[in-house]
Student: 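Here it is: the structure, laid out below.
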Amino acid sequence: LDKSPAAPVLKVALPLPLDRLFDYAAPEIGRGWIGCRVSVPFGHRRLVGVVAAVGAADSEPTRIKAILQRLDAQPLISGELLQTLRWVAGYYHHPLGEVLATALPGPLRGTRPLPQVGETWLLLSATGRRALAEGAARRGSRLAALLARLGEGAQPAAALDMELPGWRDSARLPRARAWFDWREGAMAASADAAAVAGPALNEEQAAALAAVSAAIGSYRGFLLDGVTGSGKTEIYLGAIAQVLAGGRQALVLVPEIALTPQLLRRFRERLPGRVMALHSALADGERARVWLAAARGEAGVVLGTRSAVFTPLPNAGLIVVDEEHDAAFKQADALRYSARDLALVRGRALAVPVLLGSATPSLESLANAEAGRLQRLLLPRRAGAARPPSVRVLDTRGQRLQDGLAPELIDALASRVERREQMLVFRNRRGFAPLLACRACGWHAECERCDAAYTLHRQSRRLHCHHCDRERPVPEACPSCGSHELKPLGHGTERLEESLAQRFPGIPVIRIDRDSTRRRGALDEKLDAARSGDACILVGTQMLAKGHDLPEVTLVAVLNADAGLMRADYRAAERLAQLVIQVAGRAGRADKPGQVMLQTLQPDHPLLHTLLSGGYPAFAREELALRRATGLPPYVHHALVRAEAPDMVALRSFLQAARECAPASAGVQLHGPMPAPSERRAGRWRMQILLESSSRPDLQGLLGEWMPRLRALPQGRRVRWSLDVDPLEAD
Ligand code: ADP
Ligand code: ZN
Ligand code: ZN
């Protein structure tokens, strides 16, 4: 081993909260090491890291240790992905080693051998068969041999490895890429299954698809802004089919909750043998298998949730982000990345179009469209013959509600029960009641560690804090005055389910929320029951608002439509508008138009007014103007340093020191330290410093200088702190 000072070393990113690379020695160091995993000694431990660079040593030559083992002969993380992950580390000011660990599926973070990628098959596409017939490959070339071999039928890739070494390079030649179809082993049988044909596109859909098709082969960002049921998914499917026909890969991201077996089935019927799913419910080994299949260019379509944005795409052709407004695309802890934003970053690096779709686009994306950074494609009508639902506001001020429902709503439900139709009652609060209070003295149950009310869950006979997950038994008597008159106040989904079942016996009430769908497969069973078309009342939280097609529903009731508006968070209005439109969008078919009822204490609220008279576009215009006028995102950029500690003094002293060591920057304002919106959670005090700038480079520049100083603060050892760039929650 060459340990002379001039010898190059491996610069290894290790999964540690330290923002630096580590030098290690190895034989024959060259660029071929970059992107390979190595196991290395680190103190008394043994860690697996990724070689991020090779170069001159920063450490003293005598202190450089040798790696223990090279784990990959070929780079596991290559070219564009490594470059993007470096960008992520820089933008979110997060150590590269931890970014890499976030991107890699669990089994690939260890030293065990790579999981077996299921048997992969190669076969000729239609253009490949033509190429063979026309003798398009030079006679005697490896490509011609490959064409001829596949002319006899599909071949397992492993068999080709033996017979025609180097065939993988031939199959990836740009001009030949479209001649071949890769199929996963289990899918190989279905590979020849005919694709189910989609509906003929209407005029607007055809125009949208044409715009995307024209962009294939280069970067372009699109905002596909189409009302629920307008046929956005058909555009995705059409564009993906074109990309596959060109021998390239497509990545489709959806929010966790929207990735149902129904969606997967729809994709698989339309693109038989080509679709692999990647989401958190998969076993680790399965995730790794899909990831590796993508890395080898063998997975045609990867349909996944947030973390699938880190899928390697050596043959990338298209990236789709469905329901792009959904907050689930932003990771809420550790590496706080936005998969939606990263999709655009990757699209640019890979030179492929990126399609962001939503019925209620985020204000960020609308502003990007306004500024010309995204091309907006509009689908203003429902596809097929479905008509938009009509909306009524129910003013509940001074009304006597029964079980939380206005009389007019009860009548509307009753008439549909009579007609054996489907209804949906939306209430964004799970549990039985949001409050358990004493009638005698006014005491109410409050979490000792959060300064937040306990929610009463009657089925589990527990008080549950939705902030810290703490649970305790329901008290028999008031702990303050001893009275037995403890009364649940307000209505959660559990209570609504119970009261609706009592009021309308003989019609099933199906509750869909986090509690009722904990068991794997439960959500799909419930949705299947609804899709059967039989009469029922669905009761649920925002789980019901996301991406589920429920065409048989003829009435959607939204209770406490204004609850979000009481919150201090400036995004509350946007969230509420999206929620109302998304829930409303679940209803109605051609022959059964939907009715939406919003029950509210603030019928005159300007937001509801704009939303109802002008729809989401009008709301978004007004809200964007307001954000611009008041200097809020997306017109300024935020970063948030959050800190928490059981000891308030330690917390304050850290944030004070943090503030004092912040570099001065004319373009960036610092606010705080100030208490977080929920000031105590799980027994810890919480405070934050907000950074604000109209210039991303200024903000990034400041963070780049400040973060190393923050990490070095001795006061930081007694608190838990983190940085959130482009935070979604003020909390
Ligand atoms: P979105 O993704 O915008 O919510 P979908 O693509 O799921 O909309 O389409 C909603 C429904 O309309 C689906 O049942 C779909 O099969 C149907 N649909 C879509 N486009 C058409 C069309 N051009 N003609 C007839 N039906 C269509
Ligand atoms: Zn009491
Ligand atoms: Zn709590």
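The basis for the numbers below is simple: all heavy atoms, side chains too, and nothing from hydrogens, waters or symmetry mates. Just so you know, ligand 1 is whichever comes first in the structure, and atom 1 is the first atom listed for that ligand.
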Student: Between Q582 and T228, do the side chains contain an N or O donor and an N or O acceptor separated by less than 3.5 Å?
Tutor: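 No.
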
Student: Tell me whether R518 at atom CZ has more than 12 heavy atoms from other residues, nucleotides or ligands lying less than 6.0 Å away.
Tutor: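 Yes, because the 6.0 Å sphere around CZ of R518 holds more than 12 heavy atoms from other groups.
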
Student: For A200, counting its heavy atoms only, list the atoms of ligand 1 lying under 4.0 Å from any of them.
Tutor: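 Ligand 1 atoms under the 4.0 Å threshold to A200: 22 (C), 23 (N), 24 (N).
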
Student: Hey, what's the angle at the Zn ion (ligand 2) spanning SG (C441) and SG (C438), nearest 10 degrees?
Tutor: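 Rounded to 10°, it measures 110°.
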
Student: Quick check: does T228 get an N/O under 3.5 Å from an N/O on ligand 1?
Tutor: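 Among all N and O atoms of T228, none is under 3.5 Å from an N or O of ligand 1.
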
Student: I need the atoms of ligand 1 closer than 4.0 Å to a non-hydrogen atom of N202, numbered in the order shown.
Tutor: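 Listed by number with element, the hits are 23 (N).
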
Student: How wide is the angle at the Zn ion (ligand 3) between SG of C450 and SG of C468, to the nearest 10°?
Tutor: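 Between SG of C450 and SG of C468, the angle at the Zn ion (ligand 3) is about 100°.
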
Student: Salt bridge or not between E234 and R270? Use side-chain N to carboxylate O under 4.0 Å.
Tutor: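 A salt bridge links E234 with R270.
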
Student: For G231, take its heavy atoms, then give the atoms of ligand 1 lying under 4.0 Å from any of them.
Tutor: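 By the 4.0 Å cutoff, the relevant atoms are 1 (P), 3 (O), 5 (P), 6 (O), 8 (O), 9 (O), 19 (C).
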
Student: Taking heavy atoms and a distance under 4.0 Å, where does L201 meet ligand 1: side chain, backbone, both or neither?
Tutor: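 The backbone, only.
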
Student: Quick one: do the R392 and Q595 side chains pair a donor with an acceptor below 3.5 Å?
Tutor: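 Checked: R392/Q595 side chains show no N/O donor-acceptor pair below 3.5 Å.
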
Student: Below 4.0 angstrom, N of the basic side chain to O of the carboxylate: do E448 and R472 qualify?
Tutor: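 Salt bridge present between E448 and R472.
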
Student: Considering G229, G585, A206, which one's heavy-atom position lies nearest to atom 4 (O) of ligand 1?
Tutor: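 Minimum heavy-atom distance to atom 4 (O) of ligand 1 goes to G229.
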
Student: Find all atoms of ligand 1 within a distance of less than 4.0 Å from any non-hydrogen atom belonging to E234, and give their numbers and elements.
Tutor: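 Reading through ligand 1 atom by atom, the close ones are 6 (O), 19 (C), 20 (N).
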
Student: Distance to the ring centre below 6.0 angstrom and angle to the axis at most 45 degrees; does that hold for R458 and F432?
Tutor: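 Verdict for F432: a cation-pi partner in R458.
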
Student: Quick check: are there more than 12 heavy atoms from other residues, nucleotides or ligands sitting under 6.0 Å from CZ of R220?
Tutor: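 No.
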
Student: Of the listed options (G226, P199, G198), which comes nearest to atom 27 (C) of ligand 1 when hydrogens are ignored and any heavy atom counts?
Tutor: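 Residue with the shortest heavy-atom distance to the ligand atom: P199.
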
Student: Kindly report the SG-the Zn ion (ligand 3)-SG angle for C465 and C447 respectively, rounded to 10°.
Tutor: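 That angle works out to 110° after rounding to 10°.
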
Student: Heavy atom to atom 6 (O) of ligand 1, shortest distance: which of E323, R266, Q205 holds it?
Tutor: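 Among E323, R266, Q205, the closest heavy atom to atom 6 (O) of ligand 1 comes from R266.
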
Student: Considering only NZ, NE, NH1 and NH2 on the basic side and carboxylate oxygens on the acidic side, decide whether R642 and D724 come within less than 4.0 Å.
Tutor: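 Yes, this pair counts.
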
Student: What distance separates E644 CD from F654 CZ, expressed to the nearest 0.5 Å?
Tutor: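 Interatomic distance, E644 CD to F654 CZ, rounded to 0.5 Å: 12.0 Å.
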
Student: Report the part of A359 (side chain from C-beta onward, or backbone N, CA, C, O) that has a heavy atom under 4.0 Å from ligand 1; answer both or neither where that applies.
Tutor: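 Contact part for A359 vs ligand 1: neither.
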
